[in-house]
Trainee: 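Dropping a structure here in structure tokens format, bear with me for questions.
Predicted, not measured: the structure shown is a model, and the values here were computed from it. In what follows, every chain begins at residue 1, and chains take the letters A, B, ... in the order their sequences are listed.
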Amino acid sequence: MPELPEVETIRLGLEEHIVGKKIVSVEVRLKKIISGDIAKITGAKFKKIRRFGKALSLDLDNNYSIAIHVKMTGQLIWESDEIKVSRVSKVLVGELPNKFTHVIFKLKNQNLKGKTENSFLFYNDIRQFGWIKILSTSDVEKLPFVSELGPEPSVGDRVRDRVRDRETLTLKKFQQILKNKSTKIKVLLMDQKRIGGVGNIYANDALFLAGIDPRRQAKSLSTNETRRLYQSIEEVLKQGLKYGGSSEFTYVNALGETGEYQKHFLVYGFYKKPCSRCGGKVLTIKLGGRGTFFCPHCQN
DNA sequence: CGGAGTGCCTGACGGC
DNA sequence: TGCCGTCAGGCACTCC
């Protein structure tokens, strides 16, 4: 499920492949996925791709933007008509378009020789939880999801120009967020209004790396534990980004390729696997309605 | 304020 | 083989 590293990986791919290309037309196959006026974006060129937590904003050169949240199973895949060597995962995507393709953006650009090239940006979504909103660029940050988004952990220099100081999760802010909160620490980590970009996979792994029991109340963490968890969050997100995200389910990058972080999970998804640190039994429980994995021996 | 429940949706999976 | 019930899960929303 796409979280900060996955969405950032998609962003980097889109930045490389669609910026400068013009939207020729938009085909909507499932109306409820998309809102706003398609006419506003037809003919405009992609200028910049921004990320806000797990959401993206595809900014155009006419002061309009396409805001997208892929939620659980959304895929944004760019495919050129000219380059026939497709890297699209046969297992996680298959043919394009397919029955889960709900919106198709047809793109056009001139190559270096002045020849016209055609390409497509497909939005696929099995569970149809995701959304696409066409709105003026100045309204993107007014979307509730964006305006209420908590500060984001830093994942290194590769990551875009978007982060302003008030949006970066510093240790000091993290301490402030945990202070006096009786919420369970894992539930808090995943609350987008408090911390932006962390979802179930990385919350599980960060708590494992920090050796903290996910059931603990946020306010019960000591200064040292808080610092350890803060560093662990950055560490697992960086690992996720390094491996191009996690494709344990339907996630693929902007070229339809799978990520590899699922091969490096620390504790997430360890249904029958022993703890990677002590060999003991990994417990599966529910917290905040979501599957939670932890080692009761290594996480206290 | 926290916590629990519901809805959205479909593929996977277990039971028979 | 296939039908049926259950479940996962990001986020919004309601209710207590």
Trainee: Could you please name the option among C:dC11, C:dG9, B:dT10 that lies closest to any side-chain atom of A:Met72?
Mentor: C:dG9
Trainee: Between atom CD1 of A:Ile104 and atom CZ of A:Arg29, what is the distance when rounded to the nearest 0.5 Å?
Mentor: 4.0 Å
Trainee: Does A:Gln192 make a side-chain N or O approach to OP1 or OP2 of C:dC11 shorter than 4.0 Å?
Mentor: yes
Trainee: Begin with the C-alpha distance, continue with both residues' side-chain angles, and end with the deciding distance and a verdict on side-chain contact (heavy atoms from CB on, under 4.5 Å) for A:Phe100 and A:Thr250.
Mentor: CA-CA 12 Å; A:Phe100 303 119; A:Thr250 60; over 6 Å; no
Trainee: With DNA chain C as reference, determine whether A:Lys286 or A:Lys71 sits nearer its 5' end, using the nearest nucleotide of each.
Mentor: A:Lys286
Trainee: Can you tell me how the ring of A:Trp78 sits relative to the ring of A:His17, calling it parallel under 30°, perpendicular over 60° and tilted otherwise?
Mentor: parallel
Trainee: On DNA chain B, check which nucleotide each of A:Gly288 and A:Phe249 is closest to and give me the residue with the more 5' one.
Mentor: A:Gly288
Trainee: Please determine, for the side chain of A:Lys99, which listed nucleotide (B:dG2, C:dG10, B:dG11) has the closest atom?
Mentor: B:dG11
Trainee: Please table the atom pairs, donor to acceptor, closer than 3.5 Å between any side-chain atom in residues 129-137 of chain A and protein atoms at least two apart or in another chain.
Mentor:
unit_1   : atom_1 : unit_2   : atom_2 : d
A:Ser136 : OG     : A:Ser138 : OG     : 3.4
A:Ser136 : OG     : A:Asp139 : OD2    : 3.1
A:Thr137 : OG1    : A:Asn63  : O      : 3.3
A:Thr137 : OG1    : A:Tyr64  : N      : 3.4
A:Thr137 : OG1    : A:Tyr64  : O      : 3.2
A:Thr137 : OG1    : A:Ser65  : OG     : 2.8

Trainee: Which of these nucleotides, B:dC8, B:dG11, C:dC11, is closest to any side-chain atom of A:Phe100?
Mentor: B:dG11
Trainee: Give one of base, sugar-phosphate or nothing for A:Gly291, where a contact means two heavy atoms less than 4.0 Å apart.
Mentor: sugar-phosphate
Trainee: Does any N or O donor sit under 3.5 Å from an N or O acceptor when you compare the side chain of A:Arg127 with the base of C:dG9?
Mentor: yes
Trainee: Taking the six-membered ring for Trp, does A:Phe129 stack with C:dG10 (centroid gap under 5.5 Å, planes within less than 30°)?
Mentor: yes
Trainee: At how many degrees, to 10°, do the end axes of the helix from B:dG2-C:dC16 to B:dC16-C:dG2 meet when each uses five pairs?
Mentor: 50°
Trainee: Quick one: is the NZ or CZ of A:Arg215 closer than 6.0 Å to the six-membered ring centre of A:Phe294, and within 45° of its axis?
Mentor: no
Trainee: Here's a test of your reading of the structure: between A:Tyr268 and A:Pro144, which maps to the more 5' nucleotide of DNA chain C?
Mentor: A:Tyr268
Trainee: Mark yes when over 12 heavy atoms from residues, nucleotides or ligands other than A:Lys238 sit less than 6.0 Å from its NZ; otherwise mark no.
Mentor: yes
